Amino acid sequence: LPVLNYQGSWLFFNLRTRRTAIRHQWTELPVPEDVIDRLHELAGRQAKTLREQLHFSRSKPLDEQGDLIDHIDDDNLFDGNDVNQQPAEEDESDDEADESNSESSDGEQLRDQVIAEREEQLDIQNPSDPDEEFDPHNLMQEATIPAGPVHRYSTRSRGNPITYGPYTDGRQKESYGLYAVEHVYGNMTIAEAIDCYGEPAKVAVIKEMTQLIRLGVFRFRDWRTLTIAELKSRIPSKTFVKLKYLADGTFDKFKARTVAGGHRQNRSLYTDEETSSPTISLVGLFIIASIAAAQSRHVITADIGGAYLRALMKRVVLMILGREESSVLVSMYPELSPYLDTKGRLTVELAKALYGCIESSRLWYDTFRAKLEANGYKCNPYDPCIFNKWHELERVQSTIGIHVDDCFISCSNLDIAEGIVQFLHEEFEELNVVRGLVHSYTGMMLDFSVAGIVRVTMNGIIGELLQKCNITTSAPTPAKDDLFLDDPNSPALDAKRRELFHSIVASCAYIGKRIKPETLVAVSKLASRVNCSTEKDWRKLQRLLKYIHGTRNIPLCLEMTQEPVQVIASIDSSHAVHGECRGQTGISISIGRGTVQSISVKQPINTKSSAETELVGLSDGATPAINVQNILIEQGIAVVPLLIHQDNQSTLSMIVNGRAMGPTTRHINIRLFWLTDRITSGEVRATYVPTEDITADALSKPLQGGPFLKHRATLLNIKE
């Protein structure tokens, strides 16, 4: 189509991206039949009805009667609003108004004129960006293969539409080097979910919309009454559908969730405290689970439905609901139809904290904490998501750990535990409760079947990772002896494989921090290579995945000893193993058998000797160990002084005697005297342990054979 400018440019339509481009140079070619078919297909799926039904051919355009069409408005023809596509950005501005009906009343014409003027003002205030990238998550986008994890490169399908079976399918294989990767479903848009799963997805969306109305999350606003500033301040929103699975991989349910575009909020209006919220730490969860097992407590886990929606907003936040969400709401509540704008969208003011808003997590935490404290619970000062209450009449303690909306409840008195559930039900109404000996919590399965022990597994997540990476063989250890050796001549990975490398390493870190601490030294090294990964790093990652495959059924078994509890911190460091000659520190902390916290990390500074390297490791490792001891004390558990295991006698001599074995720098002296002060006060004890017996040796270097198996058995509390 001609643009009619001085350069003689024409407007071209890209059949692949469905976007327009202006060019003043081109090569004229015959139009093949597949291009004509594609144009007919796009025109037939348009949501907007044209005044004339268009017919595409190689000759001049004709209408259905065969008459010539003098001019075709390119905005109407190529507006991108086909059945499965929404405009590229849910912007604050409304780019065009509907044409006034020639037979409408004078009042309606006046209203349409006001609307047109308002939209023209908005276009001036907030013009659209013609170079804006295509959004693969638009709610009305053509549904082909549902999007997997968000990448920096396009993952939009180039293949034919696929309809997946319920619950178990929904995966597309792509080859990346040595791996056949499966993009397992993450979040789906409404259109994608309904296209793939039909009625169950519709029910989930309707349930979400009903909940939002019932809880009073929205105050509907007439967009015509808003000021220009208010219209421009509106943030977008999307509703996603996902398939939820338990930690063992069992399908749970369809879940729909409406999410606000918090990235469009003005962060300068908030303090850091208002936009951050704590969750229970992994070590805190392991401690209260170990206490529950040791004291034979009854354990109940509960999921609070629509948790954020229970917290009141403190600032005015305006939001646009997408066309599909608005359509669902209008069909449920016809009285909302006058609030629709010219694009069929509703404008709302958020009365409750909606998922996605930058302040929602903090508002929910403050709301939940206030209700618990009003009921007599006290927060553990060393983990703000652990709450305890002493029941004087029954002489027992009840504990509640919270991870956003997931509650871990434990008490040796069953009536009290059930009373907590009743209290939560009265406060928040919707509660999904699990009782018994096996619980799915924060991606892990916690099994209390064996007295005094909690077994932690992640079979579902591990199985998904191994299937994603097509790993079918095993390896005896997570890494070979050359783990810390970098090969500068090894070819670098291309952008796609480097992104995949980064993603898989992050998944391995997630698993390793929870139930496979013996893999952390390999994970730590690979994590330092995500921005410069090579083929050799890829082979190291493959080795790690093969080890995880071979040990996927081995659990982490946590067991707390009888009171007073002895907290043991095994700390070991390897000197100058990295390319920049920095050391690697390994830390294992236990409260009996099995490690409740494991750390393997590159040291932040260079040291001049192995003794100084060990001193840096001791200083860094003592801090989390003391924190574990403090959490136990606040939980009412009697403890004895912290015991540190160390295999370097020169380092032990320095911290016990309070003086260095030669000239040192100031930062070394600070670390030295900090530890010496703790030992002098009786808070910490340090003792020598031979290298072959120190557990943290497996966290500071890639061990092989018998030594590795020995330390793994101690870390996981298993029998080899």
Side-chain angles (χ1 to χ4, degrees), residues 47-48 75 79-81 85-101 104-129 132 135 138-140 190 205 208-209 212-213 215-239 258-266 269 313 315-358:
K48 185 171 182 178
D75 288 334
D79 62 354
N81 291 334
Q85 183 177 357
Q86 178 177 327
E89 177 68 33
E90 291 186 5
D91 207 346
E92 300 85 332
S93 63
D94 294 303
D95 298 333
E96 59 180 312
D98 293 339
E99 289 191 5
S100 300
N101 191 322
S104 60
S105 63
D106 293 340
E108 290 175 339
Q109 292 178 357
L110 179 60
R111 184 196 65 179
D112 291 341
Q113 182 180 356
V114 172
I115 292 174
E117 292 175 355
R118 170 62 59 84
E119 290 170 347
E120 183 180 356
Q121 291 174 340
L122 288 177
D123 285 338
I124 296 174
Q125 294 286 336
N126 195 18
S128 59
D129 184 3
E132 187 177 9
D135 183 0
N138 271 333
L139 295 180
M140 299 299 293
I190 295 178
V205 173
E208 172 71 1
M209 294 294 111
L212 294 174
I213 296 298
L215 295 178
V217 177
F218 301 145
R219 296 191 186 102
F220 293 92
R221 301 286 298 271
D222 188 341
W223 67 279
R224 302 171 189 84
T225 66
L226 302 178
T227 65
I228 295 295
E230 288 174 328
L231 287 169
K232 290 178 65 63
S233 71
R234 294 180 299 175
I235 62 176
S237 67
K238 283 185 172 67
T239 298
T258 300
V259 181
H263 63 289
R264 300 289 295 274
Q265 288 183 261
N266 186 355
L269 302 177
M313 293 289 282
R315 286 183 169 87
V316 175
V317 176
L318 298 176
M319 187 181 78
I320 303 173
L321 290 174
R323 288 194 295 181
E324 290 196 341
E325 295 90 333
S326 300
S327 176
V328 171
L329 287 173
V330 170
S331 66
M332 296 167 59
Y333 306 96
E335 59 271 23
L336 295 177
S337 57
Y339 293 91
L340 292 171
D341 64 13
T342 58
K343 293 186 178 180
R345 304 175 303 177
L346 292 169
T347 297
V348 298
E349 178 184 339
L350 295 179
K352 301 287 185 67
L354 187 65
Y355 294 93
C357 291
I358 59 177

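Since the structure is predicted, the reported quantities are computational estimates derived from the model, not experimental observations. Below, each value reflects all heavy atoms present in this structure, side chains not excepted, and no hydrogens, waters or symmetry copies.
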Would you give the length of the straight line joining atom [atom1] of [X] to atom [atom2] of [Y], rounded to the nearest 0.5 angstrom?
{"X": "Met313", "Y": "Cys357", "atom1": "CE", "atom2": "SG", "answer": "4.5 Å"}
{"X": "Met209", "Y": "Ile190", "atom1": "CE", "atom2": "CD1", "answer": "6.0 Å"}
{"X": "Lys232", "Y": "Thr227", "atom1": "NZ", "atom2": "OG1", "answer": "11.0 Å"}
{"X": "Met319", "Y": "Arg264", "atom1": "CE", "atom2": "CZ", "answer": "13.5 Å"}
{"X": "Ser327", "Y": "Leu336", "atom1": "OG", "atom2": "CG", "answer": "11.5 Å"}
{"X": "Lys238", "Y": "Leu321", "atom1": "NZ", "atom2": "CG", "answer": "12.5 Å"}

Looking only at non-hydrogen atoms, find the nearest pair between [X] and [Y] and report the distance.
{"X": "Val330", "Y": "Ser337", "result": "CG1-CB, 4.0 Å"}
{"X": "Arg224", "Y": "Leu340", "result": "NH2-O, 3.8 Å"}
{"X": "Asp222", "Y": "Tyr339", "result": "N-CD2, 3.7 Å"}
{"X": "Ser326", "Y": "Arg345", "result": "OG-CA, 3.5 Å"}

* **Residues, nucleotides or ligands: over 12 heavy atoms within 6.0 Å of Phe218 CZ** => yes
* Asked: Would Asp341 and Lys343 count as a salt bridge (charged side-chain N to carboxylate O under 4.0 Å, His left out) if you check the C-alpha gap in whole Å, the side-chain angles of each, and the deciding distance to 0.1 Å?
  -> CA-CA 5 Å; Asp341 64 13; Lys343 293 186 178 180; over 6 Å; no
* To do: For Ser233 and Glu230, indicate whether the former's side chain and the latter's backbone hold a donor-acceptor pair under 3.5 Å.
  => yes
Side-chain donor-acceptor contacts of residues 346-356 below 3.5 Å, not counting sequence neighbours, with atom names and distances?
| residue | atom | partner | partner atom | Å |
| --- | --- | --- | --- | --- |
| Thr347 | OG1 | Arg234 | NH1 | 2.8 |
| Glu349 | OE1 | Arg221 | NH1 | 2.9 |
| Glu349 | OE2 | Arg219 | NH1 | 3.4 |
| Lys352 | NZ | Leu215 | O | 2.7 |
| Tyr355 | OH | Ala307 | N | 3.3 |

* Structure fact -> The side-chain hydrogen bond (donor to acceptor under 3.5 Å, both in side chains) partners of Thr258 (sequence neighbours excluded) come to Thr239
